[in-house]
Trainee: 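Have a look at the structure that comes next, please.
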Protein chains: 2
Amino acid sequence: MDNKDMDILNMLMDDGRMAFTEIAKKLKTSESSVRKRVKKMEEEGVIKGYTTNINTSKLGYGVVALTGFDTNPEDFLSVAQSLCEFEEIKKVYTSTGDHMIMTEIWAKDGKELSEILFNKLGTIKGIKKICPAIILEQLK
Amino acid sequence: MDNKDMDILNMLMDDGRMAFTEIAKKLKTSESSVRKRVKKMEEEGVIKGYTTNINTSKLGYGVVALTGFDTNPEDFLSVAQSLCEFEEIKKVYTSTGDHMIMTEIWAKDGKELSEILFNKLGTIKGIKKICPAIILEQLK
DNA sequence: TTTGAAAATTGGCCTAA
DNA sequence: TTAGGCCAATTTTCAAA
């Protein structure tokens with residue numbers, strides 16, 4: 001990892017589909033150099049993968065909620081793993097702070113979110129508290 | 001937006017650099033169909049863009065913190081906009097729940113995070129409370 | 001780093017529903 | 001009118017030298 005790798009990474013984070021030839025042109029280097037560096041970063045795991053940013057509301061997901069979960073310490077791991085299995089829950093983190101588990105949940109509307117939180121997740125044993133924060137706007 | 005669009009989208013979310021020809025092959029359709037649908041979704045804004053997922057710790061960012069900010073109502077907007085300008089703050093949301101502003105901050109270590117939170121952001125007028133939650137592990 | 005073949009992208013034009 | 005098929009030119013990828 002040097003500055004050149006970092007430059008490549010920044011461009012790829014900005015546009016994950018940018019062609020290697022174009023990156024090379026902007027960085028005034030060769031395409032093969034760029035490609036080999038990217039491959040190396042992929043193999044080393046610096047680059048975990050590529051993804052597509054979605055406008056959730058245009059896709060019909062009107063509600064995205066950052067949702068914290070509190071559990072009993074002994075149920076913590078099993079709850080976290082159970083949450084991962086739900087299709088509606090897009091991200092699951094363990095963290096310090098108010099809630100040991102933080103998630104990102106996509107739902108069509110408030111009704112669906114409520115259904116997910118209070119019905120579907122009701123089957124999980126050990127959840128003590130659910131703290132949803134609905135995202136109003138992504139500024140950055 | 002129909003099922004075919006959704007299938008394409010799911011593949012692109014899973015691998016943002018997948019070639020249209022490959023998507024077409026897996027979906028048993030033609031490359032031109034895939035290409036035209038993707039272009040349409042880009043134009044309609046369903047697809048906002050493409051990015052690269054980074055292993056933050058391998059990049060030297062040992063600490064990623066979901067950080068909530070509380071402000072006085074009258075300072076809310078200016079605080080949110082100021083936060084956007086910091087390079088270390090990768091995401092800024094306005095939200096309901098405990099904190100009106102939620103952010104994701106990348107730092108090399110605890111020392112750097114502390115410096116960002118309590119020195120750099122000290123110049124912003126109107127922040128009442130800072131609530132950082134350090135991410136321990138991303139399970140999904 | 002350079003080179004050349006294979007693969008993918010792009011744009012235009014056409015047909016069919 | 002819109003989605004998809006087809007073709008040809010260009011660009012990109014990829015591996016070997």
Side-chain angles (χ1 to χ4, degrees), chain A residues 1-64 87-88 90 106-109 112 138 140, chain B residues 1-61 87 90-91 106 138:
Chain A
M1 284 298 308
D2 57 11
N3 283 342
K4 206 163 168 182
D5 283 333
M6 202 55 226
D7 288 342
I8 293 170
L9 223 38
N10 279 325
M11 305 193 75
L12 280 177
M13 282 194 278
D14 194 53
D15 176 5
R17 276 187 87 85
M18 189 179 284
F20 297 151
T21 48
E22 196 184 340
I23 296 173
K25 207 193 306 173
K26 295 200 178 180
L27 262 37
K28 298 187 195 314
T29 180
S30 73
E31 177 268 341
S32 65
S33 161
V34 171
R35 190 155 42 82
K36 280 168 189 170
R37 281 168 178 271
V38 170
K39 192 173 182 194
K40 188 153 160 255
M41 288 192 282
E42 286 172 354
E43 284 167 354
E44 287 171 346
V46 175
I47 292 176
K48 287 197 292 186
Y50 305 92
T51 185
T52 300
N53 288 333
I54 296 306
N55 183 325
T56 45
S57 68
K58 288 198 179 173
L59 239 190
Y61 294 102
V63 177
V64 176
E87 216 255 311
E88 299 92 338
K90 301 297 177 179
W106 293 8
K108 270 207 268 300
D109 50 32
E112 189 181 286
Q138 177 164 12
K140 180 175 181 180
Chain B
M1 284 298 312
D2 56 11
N3 283 344
K4 203 163 171 185
D5 282 332
M6 204 54 227
D7 288 341
I8 293 171
L9 223 39
N10 280 325
M11 306 196 73
L12 280 177
M13 282 194 276
D14 195 52
D15 176 5
R17 278 187 84 85
M18 188 178 284
F20 297 153
T21 49
E22 197 183 339
I23 296 173
K25 209 190 306 175
K26 294 201 178 180
L27 260 39
K28 297 188 195 315
T29 179
S30 74
E31 177 272 340
S32 69
S33 165
V34 171
R35 177 160 47 99
K36 280 159 192 176
R37 281 168 177 269
V38 170
K39 191 174 181 194
K40 188 153 163 253
M41 288 192 281
E42 286 172 352
E43 285 167 354
E44 287 171 347
V46 175
I47 292 177
K48 286 196 293 184
Y50 306 92
T51 52
T52 301
N53 288 332
I54 296 307
N55 182 326
T56 45
S57 68
K58 288 198 180 173
L59 239 190
Y61 294 103
E87 216 255 313
K90 301 296 177 180
K91 292 178 190 165
W106 293 9
Q138 177 163 13

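Since the model is a prediction, treat every value here as computed from it, not as a measurement. Order of the sequence lines sets the chain letters (A, B, ...), proteins ahead of strands, with each chain counted from 1.
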Trainee: Mind checking what makes side chain to side chain donor-acceptor pair (under 3.5 Å) contact with B:Glu22, not counting sequence neighbours?
Mentor: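 Side chain to side chain donor-acceptor pair (under 3.5 Å) check on B:Glu22 returns nothing, list empty.
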
Trainee: Using salt bridge (Lys or Arg N to Asp or Glu O under 4.0 Å) as the criterion, list what pairs up with A:Lys108, not counting sequence neighbours.
Mentor: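 So A:Lys108 forms a salt bridge (Lys or Arg N to Asp or Glu O under 4.0 Å) with A:Glu112.
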
Trainee: In chain order, what residues pass the salt bridge (Lys or Arg N to Asp or Glu O under 4.0 Å) check against B:Glu43, with sequence neighbours excluded?
Mentor: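 B:Glu43 satisfies salt bridge (Lys or Arg N to Asp or Glu O under 4.0 Å) with no other residue.
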
Trainee: Only counting residues at least two apart or in another chain, list the ones meeting side-chain contact (heavy atoms from CB on, under 4.5 Å) with A:Lys58.
Mentor: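 A:Lys58: side-chain contact (heavy atoms from CB on, under 4.5 Å) contacts with A:Asn55, B:Val46.
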
Trainee: Going by salt bridge (Lys or Arg N to Asp or Glu O under 4.0 Å), name the residues that satisfy it together with B:Glu31, two or more places apart in sequence or in a different chain.
Mentor: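 Here the qualifying residues are B:Arg35.
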
Trainee: Using side-chain heavy atoms (C-beta onward) and a distance below 4.5 Å, is B:Met11 in contact with B:Leu27?
Mentor: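 B:Met11 vs B:Leu27: side chains touch.
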
Trainee: Can you list every pair that meets salt bridge (Lys or Arg N to Asp or Glu O under 4.0 Å) and has a residue in residues 3-15 of chain A, with sequence neighbours left out?
Mentor: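 Qualifying pairs, neighbours excluded: A:Asp5-A:Arg37.
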
Trainee: In whole angstrom, what separates B:Asp2's CG from D:dT2's P?
Mentor: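 Computing the B:Asp2:CG to D:dT2:P distance gives 15 Å.
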
Trainee: Quick one: ring-ring contact (aromatic ring centres under 6.0 Å, His included) pairs with a partner in residues 21-63 of chain A, sequence neighbours left out?
Mentor: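 For residues 21-63 of chain A: A:Tyr61-A:Trp106.
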
Trainee: For DNA chain D, determine which residues of residues 16-39 of chain A have any heavy atom closer than 4.0 angstrom to one of its atoms, and list them numerically.
Mentor: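 Only A:Ala19, A:Phe20, A:Thr21, A:Glu31, A:Arg35 qualify.
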
Trainee: On DNA chain C, reading 5' to 3', which nucleotide is the first and which the last to sit with an atom under 4.0 Å from a heavy atom of chain A, could you check?
Mentor: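 Span of nucleotides near chain A: C:dT1 to C:dT9.
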
Trainee: Can you tell me if the side-chain N/O atoms of B:Lys4 get under 4.0 Å from OP1 or OP2 in D:dA3?
Mentor: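 For D:dA3, OP1/OP2 do not have a side-chain N/O of B:Lys4 under 4.0 Å.
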
